[in-house]
2 protein chains.
Amino acid sequence: MQDPLSSLPGYVLSRAAAAALAELNRGLAKLGVRHSDVSLLILVNANPRLTQSDAGKLLDIQRANMVPLVSRLLELSLISKEPVDGRSQGLLLTSKGKKLLKEAQAVIDHHEVQLQLLIPEHLRPHLLPILHALWDSSRSKTS
Amino acid sequence: MQDPLSSLPGYVLSRAAAAALAELNRGLAKLGVRHSDVSLLILVNANPRLTQSDAGKLLDIQRANMVPLVSRLLELSLISKEPVDGRSQGLLLTSKGKKLLKEAQAVIDHHEVQLQLLIPEHLRPHLLPILHALWDSSRSKTS
DNA sequence: CCGTATTGCTATTGCCAATAGCATTTCTTA
DNA sequence: TAAGAAATGCTATTGGCAATAGCAATACGG
């Protein structure tokens with residue numbers, strides 16, 4: 001059986017990412033959240049009163065698509081909104097949100113460790129630089 | 001602005017893959033196909049009379065999800081079906097499919113080259129081994 | 001021959017992203 | 001300061017892709 005795809009870095013990149021994401025979501029499912037939820041929680045935790053729009057810019061999620069994401073976290077009482085001015089509202093973690101984030105962090109930490117363990121030791125230091133090289137270029141285009 | 005996400009390999013992996021995929025799809029859009037279409041075309045080209053089910057196993061796409069994909073390519077006359085036995089049908093590239101694949105290959109080749117160019121030269125040889133390390137582990141779980 | 005597995009399919013659901021458009025508020029600057 | 005431009009949050013819709021459950025027809029194996 002010929003498999004010309006597994007020699008294409010682009011293809012393997014997608015598959016590796018999909019596998020990692022699926023694995024992460026399996027871990028997060030226990031907490032009732034998805035990876036996108038957690039990425040927002042992490043961001044809000046690090047930047048209290050972050051605007052929904054600004055969070056979207058960092059996460060590369062468009063304003064329109066932030067709405068259901070934020071609504072969901074509001075409904076779960078994981079975040080709250082606090083008016084900043086007449087149109088913007090700063091996001092904050094509730095105590096429930098902080099507690100859940102702590103649990104999610106444990107899941108993520110474990111996930112990241114597992115990821116590293118998959119890679120032969122001598123290649124491990126190169127993982128992040130390579131991925132950043134691939135990602136950062138697209139960032140300069142987008143923003 | 002704190003960005004705790006960009007130090008997480010798992011997160012950066014997803015973003016890098018998403019960026020690469022989006023870029024590839026931009027290139028393929030001119031041809032009226034998507035990356036998933038092309039991955040199937042490549043596979044069928046390398047393995048004529050491949051069964052839809054077997055292609056799904058290689059691409060990690062479930063049988064049910066292969067249906068719309070194959071239907072689309074049939075409708076575009078890029079592939080054809082040839083009965084193998086009472087239930088299976090082998091997939092074949094039509095001449096139109098071969099022609100389009102050749103154009104798509106050019107797009108992909110260019111895409112893969114660009115990908116490599118983003119990475120500092122001394123890291124380039126490590127790209128594929130690292131990605132395979134991440135991907136292959138999930139393959140042994142799945143199959 | 002009979003139970004089991006396989007193949008292709010329908011139908012539905014969920015997640016995530018993209019687009020277009022809208023009302024409100026803020027900023028800019030002439 | 002008034003007027004145009006930009007930002008913010010939102011609605012509504014669409015598309016791509018994956019997951020699940022279930023079905024009919026066919027093939028396989030003891």
Side-chain angles (χ1 to χ4, degrees), chain A residues 11 14-15 17-26 28-29 32-40 44 49-76 79-91 138 141-143, chain B residues 11 14-15 17-26 28-29 32-40 44 49-76 79-91 138 141-143:
Chain A
Y11 182 75
S14 300
R15 296 295 304 269
L21 255 192
E23 176 69 25
L24 176 59
N25 276 326
R26 259 192 298 281
L28 291 177
V33 290
R34 300 181 286 266
H35 69 98
S36 51
D37 298 328
V38 178
S39 63
L40 181 54
V44 171
R49 265 165 282 270
L50 185 67
T51 277
Q52 174 171 336
S53 268
D54 288 337
K57 280 170 199 156
L58 286 172
L59 295 170
D60 206 26
I61 296 177
Q62 304 193 22
R63 279 205 317 284
N65 295 328
M66 288 297 293
V67 177
L69 177 52
V70 167
S71 303
R72 195 179 127 76
L73 297 185
L74 278 175
E75 224 169 295
L76 293 173
I79 61 175
S80 60
K81 283 184 174 180
E82 174 182 274
V84 169
D85 61 32
R87 57 189 170 173
S88 318
Q89 297 157 67
L91 301 180
S138 81
K141 283 182 211 164
T142 309
S143 61
Chain B
Y11 181 76
S14 300
R15 296 294 304 270
L21 257 191
E23 176 69 26
L24 176 59
N25 276 328
R26 259 191 298 279
L28 291 177
V33 289
R34 299 181 285 266
H35 68 99
S36 51
D37 297 329
V38 179
S39 63
L40 182 53
V44 170
R49 263 164 287 269
L50 186 66
T51 277
Q52 177 171 334
S53 268
D54 288 337
K57 281 169 200 158
L58 285 173
L59 295 171
D60 206 25
I61 297 176
Q62 303 193 23
R63 280 204 317 283
N65 296 327
M66 288 297 293
V67 177
L69 177 51
V70 168
S71 304
R72 194 177 127 81
L73 297 185
L74 278 174
E75 223 167 295
L76 293 174
I79 60 174
S80 61
K81 283 183 175 181
E82 173 183 276
V84 168
D85 60 33
R87 53 186 175 175
S88 318
Q89 297 160 68
L91 301 180
S138 81
K141 283 181 209 163
T142 310
S143 59

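We name chains A, B, ... by the order of the sequence lines, and we start the count at 1 in each one.
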Check: Could you state the interatomic distance from CZ (Arg34(B)) to CG (Leu40(B)), rounded to the nearest 0.5 Å?
Finding: 12.0 Å
Margin query: With heavy-atom distances below 4.5 Å as the criterion, would you say the side chains of Thr51(B) and Gln89(B) are in contact?
Written below: no
Checklist line | First encountered from the 5' end of DNA chain C, between Ser36(A) and Gly86(A) | finding: Ser36(A)
Check: What integer distance in Å separates Arg72(A):CZ from dC16(C):C1'?
Finding: 13 Å
Next item on the list: Please confirm whether the backbone N or O of Val67(B) pairs with a side-chain atom of Ser71(B), one donor and one acceptor, at under 3.5 Å?
Entry: yes
Check: Does Leu59(B) or Gln89(A) map to a spot on DNA chain D nearer the 5' end, using the closest nucleotide for each?
Finding: Gln89(A)
Next item on the list: Let me know, please, whether Ala22(A) or Ser53(A) comes out on the 5' side of the other along DNA chain D by nearest nucleotide.
Entry: Ser53(A)
Item checked: d(CG, Asn65(B); P, dT13(C)) in whole Å -> 15 Å
Item checked: Sugar-phosphate only, base, or nothing, as touched by Ala64(B) at under 4.0 Å among non-hydrogen atoms -> base
Next item on the list: Looking at every strand, decide which applies to Gln52(B) at a 4.0 Å heavy-atom threshold: base, sugar-phosphate, or nothing.
Entry: sugar-phosphate
Notebook entry, point to check: Is the backbone of Asp85(B) close enough, under 3.5 Å, to the side chain of Ser88(B) for a donor and an acceptor to pair up by distance?
Noted result: no
Checklist line | Span of DNA chain D in contact with chain B (heavy atoms, under 4.0 Å) | finding: dG16(D) to dA27(D)
Next item on the list: Would you kindly give the CG-to-P distance between Leu28(A) and dC16(C), to the nearest whole Å?
Entry: 11 Å
Check: In chain order, what residues pass the side chain to side chain donor-acceptor pair (under 3.5 Å) check against Glu82(B), with sequence neighbours excluded?
Finding: Arg49(B)
Next item on the list: Using a strict 4.0 Å threshold on nitrogen-to-oxygen distance, state whether Glu23(B) and Arg26(B) make a salt bridge.
Entry: yes
Next item on the list: Measure the distance from CD1 on Ile61(A) to P on dA18(C) and round it to the nearest whole Å.
Entry: 10 Å
Item checked: Arg87(B) (side chain) and dT6(C) (base): donor-acceptor pair under 3.5 Å -> yes
Next item on the list: Report the distance from atom CZ of Arg63(B) to atom C1' of dA5(C), rounded to the nearest whole Å.
Entry: 10 Å
Item checked: Val38(A): which of Leu24(A), Asn25(A), Leu28(A), Leu73(A) passes side-chain contact (heavy atoms from CB on, under 4.5 Å) -> Leu28(A)
Note to self: With a 4.0 Å limit, can you tell me whether Arg34(A) has a side-chain N or O closer than that to the phosphate oxygens OP1/OP2 of dC16(C)?
What the structure shows: yes
Notebook entry, point to check: For the pair made of NE2 in His35(A) and P in dG14(C), what is the distance, rounded to whole Å?
Noted result: 16 Å
Note to self: Nearest whole Å is fine: how far is dA18(C) P from Met66(A) CE?
What the structure shows: 13 Å
Notebook entry, point to check: Phosphate oxygens OP1/OP2 of dT7(C): is one of them under 4.0 Å from a side-chain N or O of Ser88(B)?
Noted result: no
Margin query: Can you measure Gln62(B) atom CD to dT12(C) atom P for me and round it to whole angstrom units?
Written below: 18 Å
Item checked: Sugar-phosphate only, base, or nothing, as touched by Asp85(B) at under 4.0 Å among non-hydrogen atoms -> sugar-phosphate
